[in-house]
Amino acid sequence: MERLLLIVFATIISLFISTSAAGEFNFEANPHRRSLDETLCNQLIKPAGYSCTEHTVQTKDGYLVALQRLSSRNKDPGGQRGPPVLLQHGLFMAGDAWFLGSPEQSLGFILADEGFDVWVGNVRGTFWSHGHVSLSEKDKEFWDWSWEELALCDLAEMIHHVHSVTSSKVFIVGHSQGTIMSLAALIQPNVAEMVEAAALLCPISYLDHLTAPLVLRMVALHLDQMVLAMGIHQLNFRSKILIDLLDSICDGHIECADLLTSITGKNCCFNSSNVDFFFEFEPHPSSAKNLRHLFQMIRKGTFSRYDYGMFKNLELYGQLNPPAFDLGLIPKTLPLWMGYGGHDSLADETDLERTLKELQGKPELLYLENYGHLDFLLSTQGKEDVYNNMIAFFRSLGKSSSS
């Protein structure tokens with residue numbers, strides 16, 4: 001427990017120092033920001049032999065989010081593309097998360113080689129996206145959002161873009177926070193009508209039964225409230241200050257390869273020798289408000305809009321408590337597939353059972369007893385254990401519908 005507390009307080013201190021330094025000394029708050037030619041296509045996808053193009057989508061609230069589009073290494077560049085599938089990453093990740101293994105192990109590459117027209121989403125604030133039409137990342141207003149806006153603005157607009165370009169309904173694949181976003185977006189009729197089916201890896205809509213020790217410690221310490229009270233709006237865990245601080249803590253005190261386990265649960269099949277490569281790209285920034293929204297879900301056991309407090313809730317929502325997202329509004333006819341694991345400390349089985357009870361339809365389920373949260377994304381056996389089943393589900397629905 002002392003080790004967890006040390007990490008928590010290191011995080012608080014480093015975030016505060018980073019914010020203060022950025023404000024007072026023009027400190028570069030994001031030292032890992034890449035140049036314009038260092039795109040996801042150029043960094044991870046083209047070097048593996050896949051064709052890849054970059055796309056930018058503007059959301060209704062002015063953010064410029066990035067999409068990448070790729071197809072099989074063996075495909076004729078001028079040939080007909082298969083059905084479109086949009087990959088939506090989780091918290092503190094971005095589109096690179098789908099390409100961190102070999103082409104035989106990474107879902108983004110596997111889907112392309114299976115003939116799908118693969119689109120990769122990157123939400124606002126991540127390294128691959130392109131900022132805002134008028135706000136700077138140094139503006140606190142830039143970070144005034146949670147997963148609610150990621151779902152109803154970013155993901156909704158990306159789905160619309162893919163649907164418009166391909167003239168086809170879209171398959172959605174989400175992981176972790178990407179499943180929260182997907183479920184919230186699919187409640188909206190104008191979004192659901194553009195979606196052929198959704199596959200949710202580690203599905204989350206409720207979080208009150210999670211067991212991740214580090215997360216629970218942060219919730220108990222009200223880390224989210226502390227961070228916001230200190231005027232911190234961006235959570236950038238790749239700041240040099242935090243990296244140096246964690247290095248010093250880990251040196252002789254904590255086995256930092258196990259840090260992921262304290263957050264996600266025990267992962268059976270994630271190649272630990274790839275941890276260094278994983279941290280070359282992860283984590284990506286998010287907002288303190290997003291963390292606050294997630295912690296509200298943990299404390300209250302709700303799947304609701306952001307809770308601003310009684311008075312602002314009355315002003316914004318016309319009621320004391322924020323409105324819930326009604327999972328029963330997801331069309332019964334919309335096919336859903338869900339993969340979940342027995343060692344996942346974030347997407348708990350009890351919470352999933354509650355989600356299933358509230359849905360009109362009956363999703364197809366894949367349960368893997370030994371899988372943790374990251375295994376569904378980074379397992380060396382993911383193709384055999386998970387992805388073949390998911391692809392068979394997509395194929396069972398027939399060719400994507402034109403509209």
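No hydrogens, no waters, no symmetry mates; every other heavy atom, side chains included, goes into these values. Quantities reported herein were computed from a predicted structural model and do not represent experimental measurements.
In terms of modelled atom types and a separation under 3.5 Å, the side chain of Q188 and the main chain of L152 share no donor-acceptor contact. The main-chain N or O of G265 is never found under 3.5 Å from a side-chain atom of H373 such that the two would form a donor-acceptor pair. Under a 3.5 Å cut-off, the side chain of H89 and the backbone N or O of V123 do form a donor-acceptor pair. A donor-acceptor contact shorter than 3.5 Å is absent between the side chain of W147 and the backbone of N290. Here the side chain of T59 pairs no donor or acceptor atom with the backbone of D154 at under 3.5 angstrom. With hydrogens and angles ignored, the 3.5 Å screen pairs a side-chain donor or acceptor of D348 with a backbone N or O of T350. At least one donor-acceptor pair closer than 3.5 Å links the side chain of S106 to the backbone N or O of G101. Judged purely by atom type and a 3.5 angstrom limit, N313 uses its side chain to pair as donor or acceptor with the backbone of Y308. For E141 (side chain) and L135 (main-chain N/O), no donor-acceptor pair under 3.5 Å exists by modelled atom type. Using modelled atom types, one side-chain atom of S379 and one backbone atom of Q381 make a donor-acceptor pair closer than 3.5 Å.
The aromatic rings of F109 and F99 lie perpendicular to each other, with more than 60° between the two planes, well past the 30° mark. Using cut-offs of 30° and 60° on the angle between ring planes, the pair H55 and W119 is tilted.
Side-chain rings of Y340 and Y371 stay apart, their centers remaining 6.0 Å or farther from each other. Y63 has its ring centre less than 6.0 Å from the ring centre of H132.
Going from atom CD1 of I204 over to atom CG of L352 covers 10.0 Å, rounded to the nearest 0.5 Å. To the nearest 0.5 Å, atom CD1 of residue I263 and atom CE of residue M218 are 6.5 Å apart. If you take CG on L235 and NE2 on H284, they are separated by 14.5 Å, rounding to the nearest 0.5 Å.
Using modelled atom types, one finds no donor on one side chain facing an acceptor on the other under 3.5 Å when comparing N190 with H160.
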- Task: Under the side-chain contact (heavy atoms from CB on, under 4.5 Å) rule, what do L91 and S286 come out as? Steps first, then yes or no, please.
- Result: CA-CA 7 Å; L91 178 64; S286 190; 3.8 Å; yes

- Task: Begin with the C-alpha distance, continue with both residues' side-chain angles, and end with the deciding distance and a verdict on salt bridge (Lys or Arg N to Asp or Glu O under 4.0 Å) for E114 and R395.
- Result: CA-CA 10 Å; E114 290 286 340; R395 292 226 161 103; 3.1 Å; yes

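Listed here is the closest heavy atom pair of C41 and P47: O-CD, 3.7 Å. Across all their heavy atoms, D375 and C268 have their closest contact at OD2-N, 2.7 Å. In terms of heavy-atom proximity, A48 sits nearest to R73 at O-CD, 3.5 Å. A pairwise comparison of heavy atoms in W143 and E137 identifies NE1-O, 2.8 Å as the closest pair. Contact record, E364 with N389: OE2-OD1, 3.9 Å, taken as the closest heavy-atom pair.
For K289, the NZ atom counts as densely surrounded, since its 6.0 Å shell holds more than 12 non-hydrogen atoms of other residues, nucleotides or ligands.
The only option from L40, L86, V120, L87 that meets the side chain to side chain contact (heavy atoms under 4.5 Å, CB included) definition with L67 turns out to be L86.
The existence of a salt bridge linking R299 and D307 is excluded, since no basic side-chain nitrogen approaches an acidic carboxylate oxygen closer than 4.0 Å.
Under the disulfide bond (SG atoms under 2.5 Å apart) criterion, C269 pairs with no residue, sequence neighbours left out.
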